[in-house]
Amino acid sequence: MKNDEVIKKFRDFISLRNRVSLILSLVILVFYYTFIVSVGLFPEVLGYRLGPSAITLGIIVGICLIVTCIIATGIYTFFANVYFDKAQEEVLQELEGSSLLEDLKEGKITYYKDNK
């Protein structure tokens, strides 16, 4: 495999991994900020009691937020274990095979695209 192809594969891997992380992080961030803003703007809605118990709508929404975070973490862990670890190992082996790994470590070449 040519050096340019190996670097492109490495860049694509890094880009995909960063994109998945960013999307999941943004989903959680939007959910948290929406919850916090709704607590500030609509406290009477979140304070609504569900039946004769002490459980409020805010508690249910908070639990759903926690469950969403656990699910997002599980999704990233699934991708990391099934795809990212294997793809990373393959890319690193190709980089070692083409002697580009040392150049990356020393900063002679970068993993991001140059605008040249």
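The shown structure was predicted, so the numbers you read here are calculated from the model rather than taken from an experiment.
- With hydrophobic clusters built from ILVMFWY side chains whose heavy atoms lie under 4.5 angstrom apart, Phe42 does not share a cluster with Ile59.
- Side chain of Thr34 to backbone of Val30: a donor-acceptor contact under 3.5 angstrom is found.
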Given side chain to side chain contact (heavy atoms under 4.5 Å, CB included), test Thr56 with Leu50 step by step and report yes or no. CA-CA 6 Å; Thr56 64; Leu50 301 174; over 6 Å; no
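- One distance of note links NZ of Lys9 with CG of Asp12; it measures 10.0 Å at 0.5 Å rounding.
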Side chain to side chain contact (heavy atoms under 4.5 Å, CB included) evaluation trace for Ile14 with Val91: CA-CA 10 Å; Ile14 295 295; Val91 168; over 6 Å; no
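- Proximity of Leu65 to Ile28: side-chain heavy atoms (C-beta onward) are nowhere separated by under 4.5 Å.
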Hey, mind stepping through Arg11 and Ser15 against side chain to side chain donor-acceptor pair (under 3.5 Å) and telling me if it holds? CA-CA 6 Å; Arg11 286 178 180 154; Ser15 176; over 6 Å; no
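- Crowding of Ile60 atom CD1: a count of heavy atoms from other residues, nucleotides or ligands under 6.0 Å exceeding 12.
- Side-chain contact, Ser53 with Arg49: no donor N or O sits under 3.5 Å from an acceptor N or O.
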Audit row: Cys69, Phe31, side chain to side chain contact (heavy atoms under 4.5 Å, CB included) steps and yes/no: CA-CA 9 Å; Cys69 292; Phe31 282 179; over 6 Å; no
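- The aromatic rings of Tyr83 and Phe13 lie tilted to each other, with the angle between the two planes from 30° to 60°.
- Contact check for Glu94 versus Glu5: no side-chain heavy atoms found under the 4.5 Å cut-off.
- Between Val20 and Leu16, the closest side-chain pair of non-hydrogen atoms falls below 4.5 Å.
- Between the side chain of Ser38 and the backbone N or O of Phe35, at least one donor-acceptor pair lies under 3.5 Å.
- In this structure, Ile75 is not a member of the same hydrophobic cluster as Ile70, with clusters built from ILVMFWY side-chain heavy atoms closer than 4.5 Å.
- Residues Leu26 and Val67 fall into different hydrophobic clusters, defined by Ile, Leu, Val, Met, Phe, Trp and Tyr side chains chained together at heavy-atom separations under 4.5 Å.
- Ile23 and Phe79 sit in two unconnected hydrophobic clusters of ILVMFWY residues. Membership requires side-chain heavy atoms under 4.5 Å apart, directly or through other members.
- Taking hydrophobic clusters as Ile, Leu, Val, Met, Phe, Trp and Tyr residues chained together by side-chain heavy-atom distances below 4.5 Å, Val45 shares a cluster with Ile36.
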